[in-house]
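All values below were derived from every heavy atom in this structure, side-chain atoms included, with hydrogens, water molecules and symmetry-related copies excluded.
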Amino acid sequence: MPVQFNTTAQLAAVTKAKSLIQNGVERETVIGFLREQGFNKIASINAVAYLYGTSIPQAKEIVHFSHSWEDCRSRDEQLHESLFEALEKGELDLTK
């Protein structure tokens, strides 16, 4: 699956991340590097999928449970829970 990066800066960061991986840098450090370079969580997921050849769901799990994104984990889990509850109660219509 080809992944497109939004800016030249993102492309440069992914190129640097690829170099870090080739030099044996741990995955957690690479994820932290991406965040330091301004990648949001979704961009980090896409980059991890590209860099490590994983599926998007696998990359999402890797990023979500990474140390680099742990400060957002609780918030994101609450959002998902609220969305599922709204769907179950019929308060959210995804057909529109």
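Defined by atom type and a distance below 3.5 Å, a donor-acceptor pair is missing between the side-chain atoms of E61 and H64.
Atom CD of E77 has more than 12 neighbouring heavy atoms from other residues, nucleotides or ligands inside a 6.0 Å radius. More than 12 non-hydrogen atoms from other residues, nucleotides or ligands lie less than 6.0 angstrom from CG of L79. Environment of NZ in K60: sparse, with no more than 12 heavy atoms of neighbouring residues, nucleotides or ligands closer than 6.0 Å.
A distance of 11.5 Å separates CG in L34 from CD1 in I45, rounded to the nearest 0.5 Å. Interatomic distance, OG1 of T29 versus NE2 of H67, reported as 10.0 Å (0.5 Å rounding). Atoms CG and NZ, from N46 and K41 in turn, are 13.0 Å apart once rounded to the nearest 0.5 Å.
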D71 vs R35, salt bridge (charged side-chain N to carboxylate O under 4.0 Å, His left out): CA-CA, chis, key distance, verdict: CA-CA 12 Å; D71 62 314; R35 189 167 187 191; 2.6 Å; yes

Verdict with supporting geometry, Y52 and I62, side chain to side chain contact (heavy atoms under 4.5 Å, CB included): CA-CA 11 Å; Y52 292 98; I62 290 166; 5.9 Å; no

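Considering all non-hydrogen atoms of both residues, A49 and S55 come closest at CB-O, 4.2 Å. Taking both residues in full, the closest heavy atoms of W69 and F39 are given as CZ2-O, 3.5 Å, listed atom of the first, atom of the second, then distance. When all heavy atoms of F33 and A13 are compared, the closest pair comes out as CE2-O, 3.3 Å.
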Which pairs would a plain distance check flag for residues 14-26, meaning a side-chain donor or acceptor within less than 3.5 Å of a matching protein atom at least two apart in sequence or in another chain?
from: T15; atom 1: OG1; to: L11; atom 2: O; distance (Å): 2.9
from: K18; atom 1: NZ; to: Y50; atom 2: OH; distance (Å): 3.0
from: N23; atom 1: ND2; to: S19; atom 2: O; distance (Å): 3.0

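Without hydrogens or angle criteria, E28 side chain to S66 main chain gives no donor-acceptor distance under 3.5 Å. A distance-only check finds no donor-acceptor pair linking the side chain of Q37 to the backbone of Q10 [under 3.5 Å].
Under a hydrophobic-cluster definition in which Ile, Leu, Val, Met, Phe, Trp and Tyr are linked whenever side-chain heavy atoms come within less than 4.5 Å, directly or via other members, I42 and V63 are assigned to different clusters.
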